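One structure is given here, and the rest of the page talks about it.
Given the structure is predicted, the values throughout are model-derived calculations rather than measurements. Lettering of chains follows the sequences in order, A, B, ..., and the numbering in each one begins at 1. Computed over heavy atoms, backbone and side chain alike; hydrogens, waters and symmetry mates excluded.
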2 protein chains.
Amino acid sequence: MFHLTKKLEYSLLAFSYMAQLLPESRWVTAKEISDHYQIPYEVVARCLQHLARAGVLHSWIGAQGGYRLKAGWEKKSLLELYEILEGPMNLVRCLDHDGDCSHVARCTLPVLMRPLNQKLKKFFQDLVLRDVLNLKEVINESKVTTPS
Amino acid sequence: MFHLTKKLEYSLLAFSYMAQLLPESRWVTAKEISDHYQIPYEVVARCLQHLARAGVLHSWIGAQGGYRLKAGWEKKSLLELYEILEGPMNLVRCLDHDGDCSHVARCTLPVLMRPLNQKLKKFFQDLVLRDVLNLKEVINESKVTTPS
DNA sequence: AAAAATTCCGACAAATTTTGTCGGGATTTG
DNA sequence: CAAATCCCGACAAAATTTGTCGGAATTTTT
Ligand code: FES
Ligand code: FES
């Protein structure tokens, strides 16, 4: 129940990797990350795609393309990453949009869990990448240009 | 990744149920709880057994036997319940005793996650049943006696 | 003493979720 | 045009969670 999913693990590694070579400010491919950490290409690739679509990364299609961190990335919280990669964070499904919780009989959990769920989300909202990745200061990434 | 497991859900319901009829101070059977919430008997029964073994509940074998809350139960934290039912709470497996994490290649997650994991545990340690179940005050359960 | 009610326990089966793979399409570079 | 790369969804495999079963032990009731 509390293990990070691979999506989150791989994404964090990707952020860590890109943050380390930040001054370089170049486009990093999914392949490069997958090779470096020996993790499955397709999986990490999809994570990066989602993160790009959600606006946390820049992406550039084509040869010499890849991904790079987008300004403000270091202030993104684990809650945001989680919801990008996994959907809404909820302790019980009935708090979800589609409350498909089965044992509705006399279940008091939704009402009991709502405040708790709020606290949990707050907890992860306060954990931002800068702190999680333990970065001293974030070098300002240069303006995004075309690869060549 | 953040959905409560059924074990936790059923256990919380069981606590909730037993707390509600606290002044009665009688032995509650697994069957009674399973019937009341329409949840699978064997599953909730096993949870109660674990909780009893861990010292959160009293149990009494035999006809008219069952379970009852043990003094101090309301101060038990979600962390304690989690670890009784599911084992150690860890964001990544390598923080576990048997660090069987596969992608050890250059994975920086264990070192990054250790402080975070501590915070998470603290978070759940501070959530005790009294608060989670939203109890005003806990009626002192009477001394445990034999069923008859 | 036998029967009934109940906790206790582990092995297994089924269901669900997570993780990984594949086949292709679109865009850019050279 | 070919190569590199992002993009996307459908599917397969693996892992985990959830539920079921068959019993054994203990106590109460008849
Ligand atoms: S947890 Fe959703 S109805 Fe019980
Ligand atoms: S998370 Fe354990 S080695 Fe990467």
Side-chain angles (χ1 to χ4, degrees), chain A residues 1-11 14 26-35 37-54 57-68 82 85-87 90 92-93 96 100-103 144-148, chain B residues 1-11 13-14 26-35 37-54 56-68 82 85-87 90 92-93 96 100-103 144-148:
Chain A
M1 167 183 171
F2 278 115
H3 284 163
L4 292 182
T5 60
K6 295 299 177 190
K7 287 196 227 171
L8 266 173
E9 290 190 0
Y10 299 161
S11 298
R26 61 183 174 82
W27 297 88
V28 176
T29 68
K31 176 127 202 332
E32 185 177 345
I33 293 173
S34 135
D35 281 349
Y37 292 111
Q38 312 240 52
I39 56 187
Y41 168 74
E42 290 92 342
V43 180
V44 73
R46 239 181 333 198
C47 292
L48 294 170
Q49 283 161 32
H50 283 16
L51 292 167
R53 214 187 315 175
L57 301 174
H58 286 289
S59 67
W60 189 272
I61 300 185
Q64 308 307 317
Y67 299 91
R68 56 162 61 185
Y82 180 93
L85 297 165
E86 320 272 4
N90 281 316
V92 288
R93 274 186 244 274
D96 246 73
D100 66 347
C101 244
S102 35
H103 56 92
V144 176
T145 55
T146 66
S148 52
Chain B
M1 169 183 171
F2 278 115
H3 283 164
L4 291 183
T5 61
K6 295 300 177 189
K7 287 197 227 173
L8 266 174
E9 290 191 359
Y10 299 162
S11 297
L13 290 177
R26 63 185 174 80
W27 295 90
V28 175
T29 68
K31 177 123 199 333
E32 185 177 344
I33 293 173
S34 135
D35 281 350
Y37 292 110
Q38 311 242 50
I39 55 186
Y41 168 76
E42 290 91 341
V43 179
V44 72
R46 237 182 333 200
C47 292
L48 295 171
Q49 282 162 32
H50 283 17
L51 292 166
R53 215 187 313 177
V56 185
L57 301 173
H58 287 289
S59 68
W60 189 272
I61 299 184
Q64 307 306 318
Y67 299 90
R68 55 163 60 184
Y82 180 92
L85 296 165
E86 318 273 6
N90 281 316
V92 288
R93 274 186 245 277
D96 246 73
D100 65 348
C101 244
S102 34
H103 56 91
V144 177
T145 55
T146 66
S148 53

Can you check the L85(A) CG to dT18(C) C1' distance for me, whole Å? 13 Å
Starting from P on dA5(C), measure out to OH on Y67(B) and report it in whole angstrom. 17 Å
Given dT18(D), dG30(C), dT7(C), identify the nucleotide with an atom nearest to the side chain of Q64(A). dG30(C)
Length of the line joining H50(B):NE2 and dT7(C):P, which is rounded to integer Å: 15 Å
Any chance you could lay out the side chain to side chain donor-acceptor pair (under 3.5 Å) test for E86(A) and T5(A), step after step, and finish with the verdict? CA-CA 9 Å; E86(A) 320 272 4; T5(A) 60; 2.3 Å; yes
On DNA chain D, does the nearest nucleotide to A45(A) precede the nearest nucleotide to M1(A) from the 5' side, or the other way round? Give the residue. A45(A)
Side chain of P40(B) only, please: which of dC8(C), dT20(D), dT21(C) is the nearest? dT20(D)
Euclidean distance, atom CD1 of residue I61(B) to atom P of dT7(C) [Å, nearest integer]: 9 Å
Measure the distance from NE2 on H58(A) to P on dC7(D) and round it to the nearest whole Å. 13 Å
Taking only side-chain N and O atoms of S59(B), does any of them lie within less than 4.0 angstrom of OP1 or OP2 on dC8(C)? yes
All N/O pairs under 3.5 Å across the protein-nucleotides 10-16 of chain C interface:
| residue | atom | partner | partner atom | Å |
| --- | --- | --- | --- | --- |
| dA11(C) | N6 | R46(B) | NH1 | 3.0 |

Do any side-chain nitrogens or oxygens of Y10(A) fall under 4.0 Å of OP1 or OP2 in dG20(C)? yes
Below 30° counts as parallel, above 60° as perpendicular, anything between as tilted: where do the rings of W60(B) and W27(B) land? tilted
Assign each of G62(A) and E42(B) to its nearest nucleotide of DNA chain C by heavy atoms, then name whichever residue's nucleotide is nearer the 5' end. E42(B)
Would you confirm whether the ring centroid of Y82(B) sits within less than 6.0 angstrom of the ring centroid of F2(A)? yes
Look at the side chain of Q49(B) and decide which nucleotide, out of dT27(C), dT19(C), dT7(C), has an atom nearest to it. dT7(C)
Using a 4.5 Å cut-off on heavy atoms from C-beta on, say whether the side chain of V92(A) contacts that of H3(B). no
Evaluate the side-chain proximity of H58(B) to Y67(B): yes if any heavy-atom separation is below 4.5 Å, no if none is. no
Taken to the nearest whole Å, NZ/K7(B) to P/dT17(D) is 8 Å
Nearest 0.5 Å, what's the CZ-OG distance between R53(A) and S59(A)? 10.5 Å
Student check: side-chain heavy atoms of S34(B) and Y10(B) closer than 4.5 Å: no
Tell me whether the side-chain N/O atoms of Y41(A) come closer than 4.0 Å to OP1 or OP2 in dC6(D). yes
What are the two closest non-hydrogen atoms of A30(B) and V44(B), and how far apart are they? O-CG1, 4.1 Å
When all nucleic acid strands are considered with a 4.0 Å heavy-atom cut-off, which category describes A30(A): base, sugar-phosphate, or nothing? sugar-phosphate
Distance in angstrom units between W27(A) CH2 and dT28(C) C1', rounded: 12 Å
Please report, rounded to the nearest Å, how far the C1' atom of dT16(D) is from the NZ atom of K6(A). 13 Å
When V43(A) and A63(A) are each assigned the nearest nucleotide of DNA chain C, the 5'-most assignment goes to V43(A)
